[in-house]
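Following: one structure in structure tokens, then a few remarks.
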Protein chains: 2
Amino acid sequence: MISHKTPAHLKSEILEAIAHPNRVRILEHLGKEILCNCELAPALSLEQSNLSRHLKILVQAGVIVSWKEGLRVNFKIADERVLKILDLAQAVAKRSIETKAGVLEEG
Amino acid sequence: MISHKTPAHLKSEILEAIAHPNRVRILEHLGKEILCNCELAPALSLEQSNLSRHLKILVQAGVIVSWKEGLRVNFKIADERVLKILDLAQAVAKRSIETKAGVLEEG
DNA sequence: ACGCTCTATGAGTACTTACTCATACAGTCA
DNA sequence: TGACTGTATGAGTAAGTACTCATAGAGCGT
């Protein structure tokens, strides 16, 4: 079964999964340590059901992986490159803001 | 005026701007050459007005820059790192697909 | 001035998304 | 078994997004 998705579609699926601010925060936490839903919820001040759905989106995109451990479901980053994407996004955002500030000054 | 946006929010603004499949396609084209709306529209098979709005989103995020040249408005990548983000997204997507295939085989 | 080309935007619609509440499901321990 | 903890999901709602059509604006040429 070969995927018929275009390259642009493949990329956007990963990026859409990552792009939500709460999911960015989840990834930032998981970049440091393995955590479960019950630890992330208070750390991010998110409703348990809401967080569960965000985590599901990340798992389905293949950005994080999960496994059961007793009652808990643990999560960790599946591919370290997603953290690199976050770093680059940060850098682009920073430059964008600086450029806008520069335009205002010289104007 | 200092921005009060959280790091997660800054990142997600860039990623949300990039994440749409049509905007990924726009960036892929602009990664190779400078183009105007009128050249991109037929290349991407997008409605002129629809394309114009996608380009606006990318400009507002600071991902691309635009300048007038007669009737045309040209666009180019503002920060080459967005292309790197697309490459990484592609790599993550590829690995995700392979991992899922592996799971199916060993199952 | 006029017509022509290219781009931007208002308005309307269909679709998707995030969120919350309530509830079901899964696993542990007494 | 029942009570308890942790997770997933159905249902409903509010908000956001992408798309199209029509139209306005901006700049070129005659």
Open item on the list: With side-chain hydrogen bond (donor to acceptor under 3.5 Å, both in side chains) as the rule and sequence neighbours excluded, what pairs involving residues 32-46 of chain A come up?
Closed with: A/Glu39-A/Arg72
Task: Boundaries of the DNA chain D segment in contact with chain A, non-hydrogen, under 4.0 Å - done: D/dT5 to D/dA11
- [ ] Output the residues of residues 65-76 of chain B in contact with DNA chain C, where contact means a heavy atom of the residue under 4.0 Å from an atom of the strand; sort by number or write none.
- [x] B/Leu71, B/Arg72, B/Val73
TODO: For B/Gln60, check side chain to side chain donor-acceptor pair (under 3.5 Å) against everything at least two apart and list the hits.
DONE: none
- [ ] Please identify each residue that fulfils side-chain contact (heavy atoms from CB on, under 4.5 Å) with A/Arg95, with sequence neighbours left out.
- [x] A/Thr99, B/Asp79, B/Arg81
Open item on the list: Between B/Phe75 and B/Val59, is there a side-chain heavy-atom distance shorter than 4.5 Å?
Closed with: yes
Task: Residue list, salt bridge (charged side-chain N to carboxylate O under 4.0 Å, His left out) with A/Lys94, at least two apart or on another chain - done: A/Glu98
Open item on the list: Does any part of the side chain of A/Lys84, heavy atoms only, come nearer than 4.5 Å to the side chain of A/Glu80, both counted from C-beta?
Closed with: no
Open item on the list: Less than 4.5 Å apart, side chain to side chain, heavy atoms only: is that true for A/Leu88 and B/Leu88?
Closed with: yes
Task: Contact check, side chains of A/Trp67 and A/Ile34, non-hydrogen atoms, under 4.5 Å - done: yes
So which protein N/O to nucleotides 13-15 of chain C N/O distances come out below 3.5 Å?
none

Open item on the list: Going by side chain to side chain donor-acceptor pair (under 3.5 Å), name the residues that satisfy it together with B/Asn74, two or more places apart in sequence or in a different chain.
Closed with: B/Glu69
Open item on the list: Any side-chain to backbone donor/acceptor pair from A/Ser96 onto B/Ala61? Under 3.5 Å, distance only.
Closed with: yes
Task: Side chain to side chain, A/Leu46 and A/Leu40, heavy atoms closer than 4.5 Å - done: no
- [ ] Compare all side-chain heavy atoms of A/Ile97 with those of B/Leu10 and state whether any distance is below 4.5 angstrom.
- [x] yes
- [ ] For B/Glu47, check side chain to side chain donor-acceptor pair (under 3.5 Å) against everything at least two apart and list the hits.
- [x] none
Return all side-chain donor-acceptor pairs below 3.5 angstrom for residues 15-26 of chain B, not counting sequence neighbours, or 'none' if the list is empty.
{"from": "B/His20", "atom 1": "ND1", "to": "B/Asn22", "atom 2": "N", "distance (Å)": "3.0"}
{"from": "B/Asn22", "atom 1": "OD1", "to": "B/Arg25", "atom 2": "NH1", "distance (Å)": "3.2"}
{"from": "B/Arg23", "atom 1": "NE", "to": "B/Ala17", "atom 2": "O", "distance (Å)": "2.5"}
{"from": "B/Arg23", "atom 1": "NH1", "to": "B/His54", "atom 2": "ND1", "distance (Å)": "3.0"}
{"from": "B/Arg23", "atom 1": "NH2", "to": "B/Glu16", "atom 2": "O", "distance (Å)": "3.2"}
{"from": "B/Arg25", "atom 1": "NH1", "to": "B/Leu44", "atom 2": "O", "distance (Å)": "3.3"}
{"from": "B/Arg25", "atom 1": "NH2", "to": "B/Leu44", "atom 2": "O", "distance (Å)": "3.1"}

- [ ] Could you list by number each residue of residues 17-30 of chain A showing a heavy-atom separation from DNA chain D of less than 4.0 Å, or answer none if no residue does?
- [x] none
Task: Strand contacts (DNA chain D) in residues 35-63 of chain B, 4.0 angstrom heavy-atom criterion - done: B/Glu47, B/Ser49, B/Asn50, B/Arg53, B/His54, B/Ile57
Task: Min side-chain heavy-atom separation A/Leu30-A/Lys76 under 4.5 Å - done: no
